[in-house]
Amino acid sequence: MADKVEIIILHETVRQSWLCDAWTFVVIVAVIGTGWLLGSEAMQWCGFVMLALSSIVRARTHRDRLTPQQAADRLHATYGVRASGAQTVEAH
């Protein structure tokens, strides 16, 4: 079985998050609106299903977010990677 791919986003601004959410909303409204204009209930239902799935995925991805320190710790533990300029704290 292949290794699970893990993506770590170190920084996302509020503006970037809102733009992503707005784009998702626009696409879903476009599908539902087009279905309404064409009188297609199937297209409206497809838009609703897209809305439900995107809400579930968005809630799941927000739950798995890491702080910058947690991301650095995970990278160090998994790959031995340290940030450039990072200092090692030695116990005395």
The reported gap from OG in Ser55 to CD1 in Ile28 (rounded to nearest 0.5 angstrom) is 6.5 Å
inquiry  = A side-chain contact here means heavy atoms from C-beta on lying under 4.5 Å apart; do Met50 and Val27 qualify?
reply    = yes
ring-ring contact (aromatic ring centres under 6.0 Å, His included) pairs touching residues 27-53, sequence neighbours excluded, are Trp45-Phe48
Point to revise | Full working for side-chain contact (heavy atoms from CB on, under 4.5 Å) between Ser17 and Thr13 | key: CA-CA 6 Å; Ser17 178; Thr13 65; over 6 Å; no
Output for pair (Leu51 CG, Ile32 CD1), nearest 0.5 Å, gives 6.0 Å
